[in-house]
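What follows is a single structure, written as structure tokens, with notes after it.
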Amino acid sequence: MATTVLSGTSGALYYKPAGTTATFGEAAVDPTDDEITVSSFLNFKVGDPVKFSVVNVNTGGAGTGTLPSGLTAGTTYYVIGYNASTGVLQVSATAGGVAVAITDDGTAVAPNQFQVAYADYAVVGQCRDWTFEITRAEIDVTTIGQTPGQYVPFRSYISGFGDGTGTATVYMTNEDAALSNRLIEDVLQRQQNGAAFKLYVDRVTSGGTVSDTASRSISFDAILTSASLTVNPDDAQSVTVNFRPTGTPTFDFSTSA
């Protein structure tokens, strides 16, 4: 069977912005003004695609309850207003449209709450390259008091916890809404909940959309730790952003037709 070595030219960087996941309760829903109050100083921007769901805040998984009438789980809505000082959020069924009419405050009994989150990963089109390093801790399990021999005894090790660190070099552009610019700014975002990466080692498209079943990728929630700017008047302005996963990444290196 012939084997083709991947060149990496089909790789890509996809991202969910930091500060774009929030939970809220029934009392935070205002059917009169079609508003929802989430945490203040998050990072929702006008035009952001978001989805609503009910989650169990103890487990982080799906919860039980009923979303406020007017909002449907799994449907993509678009932010039309977010006040960072008050946390008041409004969404529309279409980008730039009118506010969704919310007719009741839904039902979410503790430990269940409503959640609004960035809808899906979006491609960072201005990415020059990305790296991701996987490491394992070494645990010394050497036994003290070994019987002396001709040669010095060697230490014994077992593998420990895994860790990962990554970098993405992106170009800063003159378009304020560019996701690369937002990624750079997100390093300074105080609340980074919602930040996530999907690193495509081999991105395969079908019918104009990415086929995850045919692609190879690494995905994880992340924190952004630093950004290093390089300015050269003769070259495009590039910025290297450093990040690390907040939990175990999902490694999808196999494909299925």
Side-chain angles (χ1 to χ4, degrees), residues 14-125 175-179 181-183 185-186 189-198 207-210 212 219 221-222:
Y14 280 61
Y15 177 61
K16 290 182 182 179
T20 56
T21 295
T23 56
F24 57 97
E26 295 177 33
V29 182
D30 181 1
T32 301
D33 294 325
D34 301 323
E35 295 175 342
I36 298 163
T37 300
V38 295
S39 299
S40 57
F41 303 113
L42 289 175
N43 195 27
F44 291 106
K45 308 287 189 185
V46 171
D48 278 356
V50 295
K51 291 182 179 180
F52 291 86
S53 60
V54 182
V55 296
N56 183 313
V57 295
N58 289 344
T59 66
T64 58
T66 305
L67 286 172
S69 294
L71 300 175
T72 303
T75 297
T76 299
Y77 298 91
Y78 298 88
V79 174
I80 57 172
Y82 173 69
N83 187 313
S85 298
T86 63
V88 172
L89 176 75
Q90 277 194 313
V91 299
S92 172
T94 58
V98 298
V100 168
I102 300 174
T103 57
D104 64 42
D105 55 10
T107 304
V109 179
N112 300 290
Q113 284 196 320
F114 307 125
Q115 176 177 274
V116 57
Y118 202 85
D120 204 354
Y121 293 100
V123 65
V124 181
E175 176 58 54
D176 290 343
L179 201 55
N181 291 5
R182 189 165 179 180
L183 171 60
E185 290 182 318
D186 283 356
Q189 177 66 28
R190 180 171 63 87
Q191 300 185 67
Q192 292 194 348
N193 47 306
F197 288 91
K198 193 159 192 175
T209 60
V210 177
D212 279 330
S219 56
D221 293 336

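Only a predicted model underlies this, so the values are computations on that prediction, with no experimental measurement involved.
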Exercise: identify the closest heavy-atom pair between F44 and A22: CE1-CB, 4.4 Å

Could you go through N43 and E185, starting from their C-alpha distance and side-chain angles, then the distance that decides it, and tell me whether this counts as side-chain contact (heavy atoms from CB on, under 4.5 Å)? CA-CA 10 Å; N43 195 27; E185 290 182 318; over 6 Å; no

Answer yes or no: is there a donor N or O on one side and an acceptor on the other, between the side chain of N112 and the main chain of G65, under 3.5 Å? no

Is there a side-chain contact (heavy atoms from CB on, under 4.5 Å) between V116 and I36 once you walk through the steps? CA-CA 10 Å; V116 57; I36 298 163; over 6 Å; no

In Å, rounded to the nearest 0.5 Å, how long is the span from CG of N56 to CD of Q113? 10.0 Å

Hey, is the main chain of A222 close enough, under 3.5 Å, to the side chain of Q192 for a donor-acceptor pair? no

Measure the acute angle between the ring planes of Y15 and F197, then classify it against the limits of 30° and 60° as parallel, tilted or perpendicular. tilted

Taking the side chain as C-beta and beyond, is there a heavy-atom pair between V54 and L67 under 4.5 Å? yes

Tell me if a side-chain donor or acceptor on Y77 pairs with a main-chain N or O of D48 at a distance below 3.5 Å. no

List, one per line, each side-chain donor-acceptor pair under 3.5 Å for residues 87-102, sequence neighbours excluded.
| unit_1 | atom_1 | unit_2 | atom_2 | d |
| --- | --- | --- | --- | --- |
| Q90 | NE2 | D33 | O | 3.1 |
| Q90 | NE2 | D34 | O | 3.4 |
| S92 | OG | T94 | N | 3.2 |
| S92 | OG | T94 | O | 2.9 |
| S92 | OG | V98 | N | 3.4 |
| S92 | OG | V98 | O | 2.8 |

So F41 and Q189, side-chain contact (heavy atoms from CB on, under 4.5 Å) or not? Walk me through it. CA-CA 9 Å; F41 303 113; Q189 177 66 28; 5.6 Å; no

K51 and A119: which non-hydrogen atoms are nearest, and at how many Å? CG-CB, 3.9 Å

Take Y121 and Y14 through the test ring-ring contact (aromatic ring centres under 6.0 Å, His included) and record every step on the way to the result. CA-CA 6 Å; Y121 293 100; Y14 280 61; 7.5 Å; no

Which pair of non-hydrogen atoms, one from P17 and one from L179, has the smallest distance, and what is that distance? CG-CD1, 4.1 Å

Can you confirm whether P49 sits close enough to Y118 that some side-chain heavy atom of one is under 4.5 Å from a side-chain heavy atom of the other? yes

Are any side-chain N or O atoms of Q191 and backbone N or O atoms of T21, one a donor and one an acceptor, separated by less than 3.5 Å? no

Tell me, with the steps shown, if T20 and V50 meet side-chain contact (heavy atoms from CB on, under 4.5 Å). CA-CA 8 Å; T20 56; V50 295; over 6 Å; no

Identify the two heavy atoms, one from S40 and one from S85, that lie closest to each other, and give their separation to 0.1 Å. CB-O, 3.5 Å

